[in-house]
> 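Sharing a structure here in structure tokens format.
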Amino acid sequence: MTGRLIYLIGPSGSGKDSLLDAAREALAARGCRIVRRVITRSAEATGEAAQAVSVERFEALQAEGAFALDWFANGLHYGIPVEIDQWLAEGHDVLINGSRGHLPQARARYPHMSVVLLTVDQAVLRERLQRRARESAEDIETRLARNAQFTQGLLADDPELIVLDNSGPLEQTVGRLMQHLERADACA
Ligand SMILES: Nc1ncnc2c1ncn2[C@@H]1O[C@H](COP(=O)(O)OP(=O)(O)O)[C@@H](O)[C@H]1O
Ligand SMILES: O=P(O)(O)OC[C@H]1O[C@H](OP(=O)(O)OP(=O)(O)O)[C@H](O)[C@@H]1O
């Protein structure tokens, strides 16, 4: 039996990492795995949810075929380790922190993946990015501007997309994510 890939997307600052962290135990209890991304960001800024590497190391890993999916966005390289294919083949569902820009390529490789879009009001988003204080003010504006190109097209392109609003308390969003996975019979 093959597991299902759940591709979590949403604007920078919408809460993807927070949601994955908060739902980690509940997901593990349902046999759903979360993969650790490889990112060319500093170790301090990647945290536990990602492995920080240099651009040279990233390119070497890419050349070795170490990534199932990889993309470049916000001036950074992101890689999803190829071990997810083994997990899926073993029947585990796998949740990944994906990219809206890379959605067509991800869909081409995993046609049956389920896409979950995390949304947040734009004003709340700006506030959260500023409070997180990971990027410079200029980079925050660039990330907010990047959203504009995605907001319209996503739903039209993928009518089965699941939309989760994270403008309220995180626990509520965790609850909704778990409800969706139950309904979708994923991570069972
Ligand atoms: N539901 C929420 N309510 C309040 N703050 C939140 C919520 N979800 C996330 N945050 C905060 O918003 C900021 C961005 O969240 P993060 O998980 O880093 O987003 P992303 O991974 O999508 O960029 C963080 O400072 C996080 O603590
Ligand atoms: O095509 P997009 O949907 O804009 O996504 C581009 C990248 O930005 C996010 O990563 P990252 O963790 O660096 O950003 P964030 O934590 O600030 O969201 C997301 O997870 C993608 O890797």
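Just so you know, ligand 1 is whichever comes first in the structure, and atom 1 is the first atom listed for that ligand. Source: prediction; values computed, not measured. Index from 1, following the sequence.
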> Only one of Leu19, Leu8, Ile162 forms a side chain to side chain contact (heavy atoms under 4.5 Å, CB included) with Leu177, so which one is it?
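Among Leu19, Leu8, Ile162, the one meeting side chain to side chain contact (heavy atoms under 4.5 Å, CB included) with Leu177 is Leu19.
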
> Would you call Thr173 a ligand 1 contact, heavy-atom distance under 4.0 Å?
no

> What is the nearest protein non-hydrogen atom to atom 19 (O) of ligand 1, stated with its residue, atom name and distance?
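Answer, as residue, atom name and distance: Gly15 N, 3.1 Å.
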
> Of all the non-hydrogen atoms in the protein, which one sits nearest to atom 14 (C) of ligand 1, and at what distance?
Gly13 O, 3.6 Å

> What protein heavy atom sits nearest atom 4 (O) of ligand 2, and how far off is it?
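Result for atom 4 (O) of ligand 2: Arg146 NE, 2.6 Å.
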
> Considering only heavy atoms of Gly101, which atoms of ligand 2 have at least one such atom less than 4.0 Å away?
1 (O)

> Give yes or no for whether the N/O distance cutoff of 3.5 Å, strictly under, is met between Arg131 and ligand 1.
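No: no nitrogen or oxygen of Arg131 is under 3.5 Å from one in ligand 1.
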
> Side chains of Gln172 and Arg176 only: does a donor on one sit below 3.5 Å from an acceptor on the other?
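Their side chains do contain a donor-acceptor pair, which is all the 3.5 Å distance test asks for.
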
> Counting each atom of ligand 2 from 1 as listed, which ones have a heavy atom of Arg41 under 4.0 Å away?
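The atoms of ligand 2 under 4.0 Å from a heavy atom of Arg41 are 11 (P), 12 (O), 13 (O).
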
> For atom 14 (O) of ligand 2, state which one of Arg132, Lys16, Arg143 supplies the nearest heavy atom.
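Among Arg132, Lys16, Arg143, the closest heavy atom to atom 14 (O) of ligand 2 comes from Arg143.
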
> Write out the residue and atom name of the closest protein heavy atom to atom 21 (O) of ligand 1, then the distance separating them to 0.1 Å.
Asp17 N, 2.9 Å

> Report, as yes or no, whether the 6.0 Å neighbourhood of atom CD on Glu64 holds more than 12 heavy atoms from other residues, nucleotides or ligands.
yes

> Test your reading of the structure: does Leu76 have an N or O sitting under 3.5 Å from an N or O of ligand 2?
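In fact, backbone or side chain, Leu76 has no N or O that close.
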
> So which protein heavy atom does atom 8 (N) of ligand 1 come closest to, and at what separation?
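Closest protein heavy atom to atom 8 (N) of ligand 1: Asn166 ND2, 3.1 Å.
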
> Do we see a donor-acceptor contact under 3.5 Å between the side chains of Thr173 and Asn166?
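Present: a donor and an acceptor within the cut-off.
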
> Any chance you could lay out the salt bridge (charged side-chain N to carboxylate O under 4.0 Å, His left out) test for Arg132 and Asp17, step after step, and finish with the verdict?
CA-CA 12 Å; Arg132 181 173 69 179; Asp17 277 327; 5.6 Å; no

> Once you measure the plane-to-plane angle for Trp71 and Tyr78, does it fall in the parallel (<30°), tilted (30-60°) or perpendicular (>60°) bin?
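Correct class here is parallel.
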
> Does ligand 2 have an atom under 4.0 Å from some heavy atom of Gly98?
yes

> Counting C-beta onward and ignoring hydrogens, is there a side-chain heavy-atom pair between Val35 and Trp87 closer than 4.5 Å?
yes

> Quick one: which ligand 1 atoms are inside 4.0 Å of a heavy atom on Pro169?
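Those atoms are 1 (N).
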
> Any idea which atoms of ligand 2 are less than 4.0 Å away from a heavy-atom of Asn74?
6 (C), 7 (C), 8 (O)

> Give me the residue, atom name and distance of the protein heavy atom closest to atom 25 (O) of ligand 1.
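Result: Arg132 CB, 3.7 Å.
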
> Against heavy atoms of Tyr78, which atoms of ligand 2 measure under 4.0 Å?
7 (C), 8 (O), 10 (O), 11 (P), 13 (O), 22 (O)

> Geometry only, no angles: is His102 polar-contacting ligand 2 at N/O separations under 3.5 Å?
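N/O-N/O distance below 3.5 Å does not exist for this pair.
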
> For the hydrophobic clusters of this structure (ILVMFWY residues joined by side-chain heavy atoms under 4.5 Å, transitively), does one cluster hold both Leu118 and Leu181?
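Same hydrophobic cluster.
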
> What atoms of ligand 2 come within less than 4.0 Å of a heavy atom belonging to Asn97?
20 (O)

> Relative to the heavy atoms of Arg134, which atoms of ligand 2 are at a distance of less than 4.0 Å?
13 (O), 14 (O), 15 (P), 16 (O), 17 (O)

> What protein heavy atom is closest to atom 3 (N) of ligand 1, reported as residue, atom name and distance in Å?
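Atom 3 (N) of ligand 1 sits closest to the protein heavy atom Arg128 NH2, 3.2 Å.
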
> Is there a nitrogen or oxygen of Leu19 sitting under 3.5 Å from a nitrogen or oxygen of ligand 1?
no

> Relative to the heavy atoms of Ala73, which atoms of ligand 2 are at a distance of less than 4.0 Å?
6 (C)

> Test of understanding: clusters of I, L, V, M, F, W, Y form through side-chain heavy atoms closer than 4.5 Å, transitively. Do Val174 and Val116 belong to the same one?
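Same hydrophobic cluster.
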
> Once salt bridge (Lys or Arg N to Asp or Glu O under 4.0 Å) is applied, do any residues pair with Arg134, and if so which ones, sequence neighbours excluded?
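With neighbours one apart ignored, the set is empty.
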
> May I ask you to list the atoms of ligand 1 that are less than 4.0 angstrom from any heavy atom of Lys16?
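In order of number, 17 (O), 19 (O), 20 (P), 21 (O), 22 (O), 23 (O).
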
> Closer than 4.0 Å to some heavy atom of Ser12 - which atoms of ligand 1 meet that?
23 (O)

> Is any side-chain N of the basic residue among Lys16 and Asp21 closer than 4.0 Å to the acidic one's carboxylate O?
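Judged by the 4.0 Å cut-off on N to carboxylate O distance, Lys16 and Asp21 do not form a salt bridge.
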
> Say whether Ser14 and ligand 1 are in contact under the criterion: heavy-atom distance to a ligand atom below 4.0 Å.
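Right, Ser14 reaches ligand 1.
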
> Would you mind listing which atoms of ligand 1 come within a distance below 4.0 Å of any non-hydrogen atom of Leu170?
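Selected atoms, number and element: 1 (N), 8 (N).
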
> I need the nearest protein heavy-atom contact for atom 12 (O) of ligand 2: residue, atom name and distance, please.
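Here the nearest protein heavy atom works out to Arg37 NH2, 2.6 Å.
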
> Which of the numbered atoms in ligand 2 are under 4.0 angstrom from any heavy atom belonging to Arg100?
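The atoms of ligand 2 under 4.0 Å from a heavy atom of Arg100 are 1 (O), 2 (P), 3 (O), 4 (O).
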
> Under 4.0 Å, counting heavy atoms only: does His77 come that close to any atom of ligand 2?
no

> Going by heavy atoms, is Pro11 under 4.0 Å from ligand 1?
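It does; at least one heavy atom falls under 4.0 Å.
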
> Would you check whether Ser12 has a nitrogen or oxygen atom less than 3.5 angstrom from a nitrogen or oxygen atom of ligand 2?
yes

> Could you check atom 26 (C) of ligand 1 against the protein and tell me its nearest heavy-atom contact, residue, atom and distance included?
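Nearest protein contact, heavy atoms only, for atom 26 (C) of ligand 1 is Ser18 OG, 3.5 Å.
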
